[in-house]
Structures are given as C-alpha cells and as structure tokens.
Amino acid sequence: MARQRAGRGAKIVQLRDKDSSDRRLLEKARYFRRRTTEAGALFLVNDRLDIALMSGADGLHVGQNDLPPEEIRRLAPDLVIGQSCNTEEQARRLGQQEQRSELVLSYYNIGPIYPTGTKDGLAEFIGPEAIEAYSRHCSLPFTVMGGIKEHHVEDLVRAGARRIAVVTAVTDAEDMAAETARLISRITTALEERDG
Ligand SMILES: Cc1ncc(COP(=O)(O)OP(=O)(O)O)c(N)n1
Ligand SMILES: Cc1ncsc1CCOP(=O)(O)O
Ligand SMILES: [Mg+2]
C-alpha cells in the first residue's frame, strides 16, 4: 500500500526500471499511467521510447548515451522530452542549440548534484554551485538530481532550483508517501521564501 501511494503529491513521476522484462515494464508503465492520470501528475518513462509510446506516457527522459532527442522528436512531436546534463559543456551545447532554434528538448536535468549510489559510471558529483553555472546557458526548465535528501532542499532552492528529482530519498524511506509529502512541503516553503 505504501508503495502504491509513494509518489502521491509529486507533480512528475518517472518510471526508471533497468531490470524488468519488456513485457513487465510495459505492464508497469500502464499501471503508472493510470495512477498518475488519477493523481493529475505528469508521467515520464526513463530511456525507453517504445514503452513511453505504448503506455501513453506524457514524456521520456534520456541521458547523453541514450536515444538522440532529435530522433525522438521526429517520431513523437508532442512528447515531453528531457535530457541529462552531467557537465557544463553539455549545458553549453543546449544553449547553442537554443540560440539556433534547434533545441527539441522540453527540459533538462542538472546532476549528479551530490554523491549518489543509484547510478554507476557517473562523473564526480558537481555540487549545488553548478546549478547557477549550468542553467545560465539554457533557458528551458530544468530539474536537479543526484544524492538529494530532504535537508538539501533549502540549499538547492537558494542555488536556483525549482524542480527537485529524487530516487533513494523516497525509495529508502520507511514510509515513502510520508517522505514524498515532507519533501514537497519543504520545497514549497523554500520556493515561497525565495520567490515570495
Ligand atoms: C529527471 C532525470 N534526470 C536524470 C536522469 C538520468 O538519466 P540517465 O543519465 O540516462 O541515467 P539513467 O537514469 O538512465 O540511469 C533521469 N533518469 N531522470
Ligand atoms: C540517474 C541519475 N542521474 C543523475 S543522478 C542519478 C541518480 C539519482 O538517484 P538518487 O536520488 O538515489 O541519488
Ligand atoms: Mg538513461
């Protein structure tokens, strides 16, 4: 039950599952689609365009070594597409594409902000200072991710974040729904204090 309510209140829910069979992943995606529709949340799939399209997801998140956003956009003109930026150079490239009106993304992610055990092979964590440095290159909305826990929220918001993405902070919590609610409340308060 707690698992089923885990993301309640979140505005965006992403299905990130590297282990399930394709058939099982599609079942999960359709379940997430139903639940996010009921909750009024946006539903994104990680990595898999086929699963995003078959499940009717709102969007797809891809990393630098995943499917190219331009090709995804060609096949899916209305899909929300997000891409990870792990270096400032990657953010700079998005800015250049934006200036040439060639940017097909809907948002990008800046991270990993702090050390994370969720993904191997990522470069060194980049710290909250990177938020200002990276985001000045590209005016699209962005998320921040990587090792983020509840007590980081104020620092991240002060550093310029509005949208905070977490994995372990919620999945490791004893009560995932309560932790989601705590995070959302802390983000909302920090944004109100920053933006009035
Ligand atoms: C919102 C968000 N930001 C970053 C990622 C990471 O994507 P990627 O770099 O492709 O790594 P994997 O998640 O595929 O391991 C994400 N999934 N979501
Ligand atoms: C996949 C990925 N990409 C950048 S950070 C990250 C993992 C975030 O997970 P957690 O919130 O558990 O550190
Ligand atoms: Mg990926």
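Whatever order the structure lists them in is the order used to number ligands and atoms, beginning at 1.
- Contact between Gln64 and ligand 1 is absent, with no heavy atom of the residue lying under 4.0 Å from the ligand.
- When only non-hydrogen protein atoms are considered, atom 4 (C) of ligand 2 lies nearest to Leu122 CD1, 3.8 Å.
- By the 3.5 Å distance cut-off applied to N or O atoms, Arg16 is counted among the residues near ligand 1.
- By the neighbour-count criterion of 12 heavy atoms within 6.0 Å, atom CZ of Arg100 is densely surrounded, having more than that number from other residues, nucleotides or ligands.
- Of all protein heavy atoms, the one closest to atom 12 (O) of ligand 2 is Thr168 OG1, 2.1 Å.
- The N/O atoms of Thr116, backbone and side chain alike, include one that comes under 3.5 Å of an N/O atom in ligand 2.
- Classification of the His61-Tyr107 ring pair by plane angle, with boundaries at 30° and 60°, yields tilted.
- Applying the 4.0 Å criterion to heavy atoms of Gln14 picks out, from ligand 1, the atoms 1 (C), 2 (C), 16 (C), 17 (N), 18 (N).
- With values rounded to the nearest 0.5 angstrom, Arg34 atom CZ is found 8.0 Å from Glu38 atom CD.
- Arg158 has its side chain out of reach of Arg194: every pair of non-hydrogen atoms, C-beta onward, lies at least 4.5 Å apart.
- Sorting the N, O or S atoms of Asp66 by how far they are from the Mg ion (ligand 3) puts OD2 first.
- Closest to atom 10 (P) of ligand 2 among all protein heavy atoms lies Thr118 OG1, 3.3 Å.
- Taken from NZ in Lys28 to OG in Ser21, the straight-line distance is 8.5 Å, to the nearest 0.5 Å.
- Looking at ligand 1, you'll find an N or O of Ser84 within less than 3.5 Å of one of its N or O atoms.
- Residue Asp47 approaches ligand 1 through these ligand atoms, each under 4.0 Å from one of its heavy atoms: 10 (O), 14 (O).
- Of all N, O or S atoms in Asp47, the one lying closest to the Mg ion (ligand 3) is OD1.
- In this structure, the side chains of Cys138 and Leu105 stay at 4.5 Å or more apart for every pair of heavy atoms.
- Taking distance alone, with nitrogen or oxygen atoms compared against 3.5 Å, Asn46 approaches ligand 1 more closely than that limit.
- Closest to atom 12 (P) of ligand 1 among all protein heavy atoms lies Lys18 NZ, 3.3 Å.
- In this structure, Leu94 and His137 have side chains that are not in contact, with every pair of non-hydrogen atoms separated by 4.5 Å or more.
- Each of the atoms 10 (O) of ligand 1 lies under 4.0 Å from some heavy atom of Asp66.
- Within 6.0 Å of the CG atom in Asp195, the count of heavy atoms belonging to other residues, nucleotides or ligands exceeds 12.
- Here's the thing with Val167: one of its N/O atoms is less than 3.5 angstrom from an N/O atom of ligand 2.
- With respect to atom 16 (C) of ligand 1, the closest heavy atom belonging to the protein is His61 CD2, 3.3 Å.
- Close approach of ligand 1 to Thr143 (heavy-atom distance below 4.0 Å) involves ligand atoms 1 (C).
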Exercise. Run the side-chain contact (heavy atoms from CB on, under 4.5 Å) check on Asp172 and Glu179 step by step: do they pass?
Worked result: CA-CA 10 Å; Asp172 272 9; Glu179 183 56 26; over 6 Å; no
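- Residues Arg16 and Thr118 approach most closely at NH1-CG2, 3.5 Å, considering heavy atoms.
- Residue Lys119 approaches ligand 2 through these ligand atoms, each under 4.0 Å from one of its heavy atoms: 1 (C).
- Between Asn86 atom CG and Ile110 atom CD1 the span is 10.5 Å, to the nearest 0.5 Å.
- Each of Leu49, Leu44, Asp58, Val104 was scored for a side chain to side chain contact (heavy atoms under 4.5 Å, CB included) with Leu79, with one residue passing: Leu49.
- By the 3.5 Å distance cut-off applied to N or O atoms, Gly63 is counted among the residues near ligand 1.
- The ligand atoms of ligand 2 that sit less than 4.0 angstrom from a heavy atom of Gly147 are 10 (P), 11 (O), 13 (O).
- When only non-hydrogen protein atoms are considered, atom 6 (C) of ligand 2 lies nearest to Met145 SD, 3.9 Å.
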Exercise. When you look at Val45 and Phe32, which way does the side-chain contact (heavy atoms from CB on, under 4.5 Å) test go after all the steps?
Worked result: CA-CA 10 Å; Val45 171; Phe32 271 59; over 6 Å; no
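- Considering only non-hydrogen protein atoms, atom 5 (S) of ligand 2 sits nearest to Gly146 CA, 3.4 Å.
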